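Everything numeric here is computed off the predicted structure, so don't read it as measured data.
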Amino acid sequence: MEATSRRAVTAARRIAPVPARVVRADIEKYDAPGAQLHGITQRVAHAVIKQNRAYETPERRKTRVNLNNVKTAVQRQNGSAPTDDQIWTAIKSRDLSRNVRNFLWKALHSGHKIGGYFVHMPAPWCDYAVCPLCDTTEDLQHILFACTSREREIIWQLASDFTTDRLQPWPILDLGSVLGCMLLEFSPDDKPNNGLTRAMRIIISESAFLIWKIRCERRIEHEDDLDNSPSKEEITGRWHAAINARISHDRHLTNKRRYKGKALDKDLVLNTWDGL
């Protein structure tokens with residue numbers, strides 16, 4: 001027993017010491033041992049926890065590619081590129097509907113189950129990797145800007161025609177423009193135009209999301225049966241319904257009696273949709 005105890009003590013002494021925990025400078029003030037709970041709010045504590053988790057989570061390669069595409073697109077339109085934090089903050093904008101926010105967040109992470117997601121699956125699932133209209137591997141860039149689908153051609157034409165009186169020509173768009181649409185600035189007279197900028201951001205995001213929804217219906221719900229694809233009239237009606245819903249939503253959000261300090265500015269709403 002004594003010999004066993006001596007060996008255990010000797011082995012314990014050989015164990016490498018545990019390195020001291022390193023605390024980053026930006027959260028050091030929240031990390032004091034024995035900090036009193038009343039000295040910190042739940043909001044601040046939650047923000048620090050999220051910040052720690054984000055710092056410890058390794059970056060995904062596809063996410064970095066998408067962030068770089070957003071920076072390129074925004075710089076092409078605005079003349080300067082945003083930071084990563086500005087991109088992530090932008091997709092939380094209250095000017096985006098909840099479904100569009102979810103769509104953009106998932107797209108930034110390349111989380112939509114399309115194209116490469118199905119490539120290595122057995123039949124019949126591997127067939128979903130290829131666009132049946134174009135016979136090429138699907139990705140969001142193809143779906144939104146290159147596919148020969150009826151919905152893509154009609155919806156972008158509707159968006160362009162809708163803004164003709166206030167913006168010409170229609171801007172050059174790609175996937176990076178859609179993912180970073182809430183950072184794009186539009187000033188045809190080289191003067192800041194918050195109303196036009198807000199309108200274009202909403203129109204681009206809603207148009208891209210509608211293309212995505214109709215594509216999913218065509219490929220999943222109707223199993224690529226082109227006879228069940230929506231007609232030009234139906235696509236046009238759905239696009240106008242989406243934009244009218246946003247206009248109506250803006251109008252309701254100007255109610256200061258109901259929303260108080262969170263109400264939208266009435267002049268901003270008028271400037272957004274006036275002349276369209």
Side-chain angles (χ1 to χ4, degrees), residues 24-27 47-48 50-112 114-116 138-147 152 155-156 159-160 162-163 166-212 246 268 271-272:
R24 303 198 318 277
D26 57 337
I27 64 169
V48 172
K50 287 179 64 178
Q51 188 177 0
N52 271 337
R53 289 179 177 174
Y55 180 81
E56 295 168 358
T57 303
E59 185 177 65
R60 299 176 74 248
R61 180 180 60 83
K62 292 182 179 179
T63 303
R64 171 48 54 193
V65 171
N66 288 329
L67 288 172
N68 290 338
N69 289 338
V70 171
K71 292 179 180 180
T72 300
V74 175
Q75 185 169 25
R76 181 179 63 236
Q77 179 64 32
N78 297 356
S80 60
T83 64
D84 289 353
D85 287 342
Q86 287 174 326
I87 295 173
W88 291 117
T89 300
I91 64 172
K92 300 176 185 177
S93 170
R94 63 182 298 192
D95 288 335
L96 293 172
S97 60
R98 180 177 298 177
N99 288 338
V100 173
R101 286 199 299 267
N102 293 338
F103 167 70
L104 294 180
W105 183 88
K106 202 169 183 179
L108 268 172
H109 287 294
S110 292
H112 292 294
I114 54 176
E138 273 193 322
D139 57 20
L140 272 181
Q141 174 67 29
H142 173 80
I143 292 170
L144 297 179
F145 295 101
C147 185
R152 184 197 66 81
I155 287 175
W156 287 126
S160 176
F162 188 67
T163 59
R166 293 184 63 182
L167 180 67
Q168 288 187 351
W170 179 256
I172 298 173
L173 300 178
D174 56 17
L175 179 59
S177 306
V178 171
L179 299 181
C181 62
M182 300 311 294
L183 294 166
L184 300 178
E185 300 286 344
F186 297 92
S187 51
D189 300 325
D190 295 328
K191 297 179 181 178
N193 191 325
N194 294 335
L196 176 60
T197 291
R198 184 170 181 270
M200 286 296 296
R201 291 172 174 179
I202 293 173
I203 291 168
I204 291 172
S205 61
E206 291 290 341
S207 297
F209 184 55
L210 182 57
I211 292 172
W212 168 252
R246 288 307 312 271
L268 175 62
N271 291 335
T272 299

Exercise. Please list, chain by chain and in numerical order, all residues satisfying salt bridge (charged side-chain N to carboxylate O under 4.0 Å, His left out) with Arg64, sequence neighbours excluded.
Key: Glu59, Asp84
Practice problem: Please tell me if the side chains of Leu184 and Thr197 come closer than 4.5 Å, counting only heavy atoms from C-beta onward. | Solution: no
Exercise. Go through the structure and list residues passing side chain to side chain contact (heavy atoms under 4.5 Å, CB included) with Arg76, not counting sequence neighbours.
Key: Ala73, Ile172, Asp174, Ser177
Quiz prompt | Heavy atoms from other residues, nucleotides or ligands near CZ of Arg94 exceed 12 (cutoff 6.0 Å) | solution = yes
Quiz prompt | With Arg60 via side chain to side chain contact (heavy atoms under 4.5 Å, CB included) - residues at least two apart | solution = Thr63, His109
Exercise. List the steps and the verdict of side-chain contact (heavy atoms from CB on, under 4.5 Å) for Arg101 and Phe209.
Key: CA-CA 10 Å; Arg101 286 199 299 267; Phe209 184 55; over 6 Å; no
Exercise. Could you tell me which residues satisfy side chain to side chain contact (heavy atoms under 4.5 Å, CB included) with Arg61, sequence neighbours excluded, listed by chain and number?
Key: none
Practice problem: With the side chain counted from C-beta on, respond yes when Asn69 and Leu179 share a heavy-atom pair under 4.5 Å apart, and no when they do not. | Solution: no
Self-check item: Under the ring-ring contact (aromatic ring centres under 6.0 Å, His included) test, residues paired with Phe186 that sit two or more places apart
Solution: none
Self-check item: With sequence neighbours excluded, residues passing side chain to side chain donor-acceptor pair (under 3.5 Å) with Ser110
Solution: Asn66
Quiz item: Which residues pass the ring-ring contact (aromatic ring centres under 6.0 Å, His included) test with Trp156, sequence neighbours left out?
Solution: Phe145
Quiz item: salt bridge (charged side-chain N to carboxylate O under 4.0 Å, His left out) with Asp95: which residues, sequence neighbours excluded?
Solution: Arg198
Quiz item: In chain order, what residues pass the side chain to side chain donor-acceptor pair (under 3.5 Å) check against Glu206, with sequence neighbours excluded?
Solution: Ser97, Arg246
Exercise. Only pairs at least two apart or in different chains count here, so list each salt bridge (charged side-chain N to carboxylate O under 4.0 Å, His left out) that has a residue in residues 177-186.
Key: Glu185-Arg201
Quiz item: Going by heavy atoms in the side chains, are Ile87 and Lys71 under 4.5 Å from each other?
Solution: yes
Quiz item: Side chains of His142 and Asp139: does their closest heavy-atom pair fall under 4.5 Å?
Solution: yes
Quiz item: Sequence neighbours excluded, which residues qualify as side chain to side chain contact (heavy atoms under 4.5 Å, CB included) partners of Ser80?
Solution: none
Quiz item: Are any non-hydrogen side-chain atoms of Trp105 and Lys92 less than 4.5 angstrom apart?
Solution: no
